[in-house]
Amino acid sequence: MKVLSPILACLALAVVVSHAVLSPEQYWSYKLPNIPMPKAVKEILHPELMEEKSTSVNVGGGCVNVNTGKGKPGGDTHVNVGGKGVGVNTGKPGGGTHVNDPDPFNYLYAASETQIHEDPNVALFFLEKDMHPGATMSLHFIENTEKSAFLPYQTAQKIPFSSDKLPEIFNKFSVKPGSVKAEMMKNTIKECEQPAIEGEEKYCATSLESMIDYSISKLGKVDQAVSTEVEKQTPMQKYTIAAGVQKMTDDKAVVCHKQNYAYAVFYCHKSETTRAYMVPLEGAGGTKAKALAVCHTDTSAWNPKHLAFQFLKVEPGTIPVCHFLPRDHIVWVPK
């Protein structure tokens, strides 16, 4: 029987104890000293910080309607940069994605007929060349008030998270099988169980602690954890990309997308072919925002019928494809 050295034994004990006795906030400080916690994480830890409280299942990420028109009549292209789910605002009466639409951040899936034809504004991808100071966009940053909160690590570890345990999961959260909530939860687990695309690694984090651990394990030392931030909720208005577009990473990053579930679950994927930018925006009404944009430099393994290719009219693997991230998604940047 192999015996651990006293030092390794103490380290192993420290890891176990840290999960057991530290709150999520304390665990962040313990593992990520001197790294500020993004506003998105704070709000998910404390949903009561939101103006409207809710314990409902999260039904869509914060949205951003992007207008990349060049000033020509009829030249506007509206892009809804929100998460999947029911109730995502597409900028038109009755607009919204459907519960069974593919997750636009899962690049293995082809766009559904609903996304392509019924909700054209749900397209959320753009080309890197269109992201430069002076460019104007009509944006609507929609605050998602349906906030599902993080569970403590120890609690999340005791709750099953697999397709074969769905009846038990539904019963635990008093979710009626076949309901909208049940279908959203079922779809989230299904997507988490799908294999990663070639060249990426994926993981679904069911607690803040597990998301921290995954990001550190894939990046080594973490330099920043960031999310899209907007000064205040505003109606749609024209924004200008200000000077100071910051390239945060030129290749490796972990991007974590908030999923639709009874509690906070993040679909995280690590890529070696990702450029992440923080894009400063200035609204016509004075509102300022810092929007996260992620550009994928190698899309050759994506589904050829993915929403991005159909919207942008480009082929897989030919040109970097970018998208803004909703307000409750996180990018982890290595040192």
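In what follows, residues are counted from 1 in the order of the sequence shown. These figures come from a predicted structure and were not determined experimentally.
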Set of residues satisfying ring-ring contact (aromatic ring centres under 6.0 Å, His included) with respect to F170, sequence neighbours excluded: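 Checked F170 against ring-ring contact (aromatic ring centres under 6.0 Å, His included); zero matches.
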
Set of ring-ring contact (aromatic ring centres under 6.0 Å, His included) partners for Y277, sequence neighbours left out: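 Partners of Y277 by the ring-ring contact (aromatic ring centres under 6.0 Å, His included) criterion come out as none, since no residue qualifies.
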
Check [X] against [Y] and note the closest heavy-atom contact, atom names and distance.
{"X": "D328", "Y": "A40", "answer": "CA-CB, 4.0 Å"}
{"X": "P304", "Y": "P316", "answer": "CA-CG, 3.8 Å"}
{"X": "S210", "Y": "Y203", "answer": "CB-OH, 3.4 Å"}
{"X": "P280", "Y": "A243", "answer": "CG-O, 3.6 Å"}

Could you tell me whether the side chain of [Y] reaches within less than 4.5 Å of the side chain of [X], counting heavy atoms only?
{"X": "V321", "Y": "F309", "value": "yes"}
{"X": "M185", "Y": "I169", "value": "yes"}
{"X": "F150", "Y": "F266", "value": "yes"}
{"X": "H269", "Y": "V255", "value": "yes"}
{"X": "L281", "Y": "T240", "value": "no"}
{"X": "I241", "Y": "H132", "value": "no"}
{"X": "T228", "Y": "M278", "value": "no"}
{"X": "I330", "Y": "V226", "value": "no"}

Do you see a donor-acceptor pair shorter than 3.5 Å between the side chains of H257 and E191?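 Side-chain D/A pair, H257 to E191: absent.
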
Measuring from [X]:[atom1] to [Y]:[atom2], what's the distance to the nearest 0.5 Å?
{"X": "K186", "Y": "N260", "atom1": "NZ", "atom2": "CG", "result": "15.5 Å"}
{"X": "T206", "Y": "Q157", "atom1": "OG1", "atom2": "CD", "result": "5.5 Å"}
{"X": "W28", "Y": "E209", "atom1": "CH2", "atom2": "CD", "result": "11.5 Å"}
{"X": "K129", "Y": "C322", "atom1": "NZ", "atom2": "SG", "result": "10.5 Å"}
{"X": "L219", "Y": "K270", "atom1": "CG", "atom2": "NZ", "result": "7.5 Å"}
{"X": "L325", "Y": "S227", "atom1": "CG", "atom2": "OG", "result": "9.5 Å"}

Name all residues meeting the side-chain contact (heavy atoms from CB on, under 4.5 Å) criterion together with [X]; count only those two or more places apart in sequence or in a different chain, and write none if there are none.
{"X": "S179", "value": "V175, K176, K181, A182"}
{"X": "T318", "value": "V314, E315"}
{"X": "T273", "value": "S271, T297, D298"}
{"X": "K335", "value": "K221, D223"}

Measuring centre to centre across the rings, with the benzene-like ring taken for any Trp, is Y263 within less than 6.0 Å of Y261?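 So the answer is yes for these two rings.
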
Hey, do the aromatic rings of F324 and F126 have their centres closer than 6.0 Å?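 Here the rings of F126 and F324 have centres that are less than 6.0 Å from each other.
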
Quick one: which residue pairs count as a side-chain hydrogen bond (donor to acceptor under 3.5 Å, both in side chains) with a foot in residues 287-296, not counting sequence neighbours?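 The answer is Y107-H296, H296-H323.
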
Side chain to side chain contact (heavy atoms under 4.5 Å, CB included) partner of L292, chosen from R327, H329, M248: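 Between L292 and the candidates, side chain to side chain contact (heavy atoms under 4.5 Å, CB included) is satisfied uniquely by M248.
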
Between the main-chain N or O of [Y] and the side-chain N or O of [X], is there a donor-acceptor pair closer than 3.5 Å?
{"X": "T299", "Y": "G317", "answer": "yes"}
{"X": "T188", "Y": "M184", "answer": "yes"}
{"X": "K202", "Y": "Q194", "answer": "yes"}
{"X": "T249", "Y": "V333", "answer": "no"}
{"X": "W332", "Y": "I216", "answer": "no"}

Stepwise side chain to side chain donor-acceptor pair (under 3.5 Å) check, E193 with S163: CA-CA 8 Å; E193 292 174 339; S163 295; 2.6 Å; yes

Salt bridge (Lys or Arg N to Asp or Glu O under 4.0 Å) involving [X] - partner list, sequence neighbours excluded:
{"X": "K247", "value": "D250"}
{"X": "E128", "value": "R275"}
{"X": "K218", "value": "E201"}

Step by step, would you call I159 with L151 a side-chain contact (heavy atoms from CB on, under 4.5 Å)? CA-CA 10 Å; I159 300 174; L151 293 181; 3.6 Å; yes

Not counting sequence neighbours, list each pair that qualifies as a disulfide bond (SG atoms under 2.5 Å apart) and has a residue in residues 209-259.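 Every disulfide bond (SG atoms under 2.5 Å apart) pair that includes a residue of residues 209-259, provided the two are not neighbours, is C256-C268.
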
Where at least one partner belongs to residues 193-228, residue pairs that pass disulfide bond (SG atoms under 2.5 Å apart), sequence neighbours excluded: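 Sorted pair list: C192-C204.
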
Evaluate the criterion side chain to side chain donor-acceptor pair (under 3.5 Å) for residue pair D213 and Y27; output intermediate values, then yes/no. CA-CA 10 Å; D213 289 346; Y27 193 74; 2.6 Å; yes

Evaluate the side-chain contact (heavy atoms from CB on, under 4.5 Å) criterion for residues Q246 and V279: first the C-alpha distance (whole Å), next the side-chain angles of each, then the deciding distance (0.1 Å), finally the verdict. CA-CA 7 Å; Q246 179 187 1; V279 183; over 6 Å; no

Please step through side-chain contact (heavy atoms from CB on, under 4.5 Å) for the pair T274 and D251, ending with a clear verdict. CA-CA 5 Å; T274 297; D251 47 24; over 6 Å; no

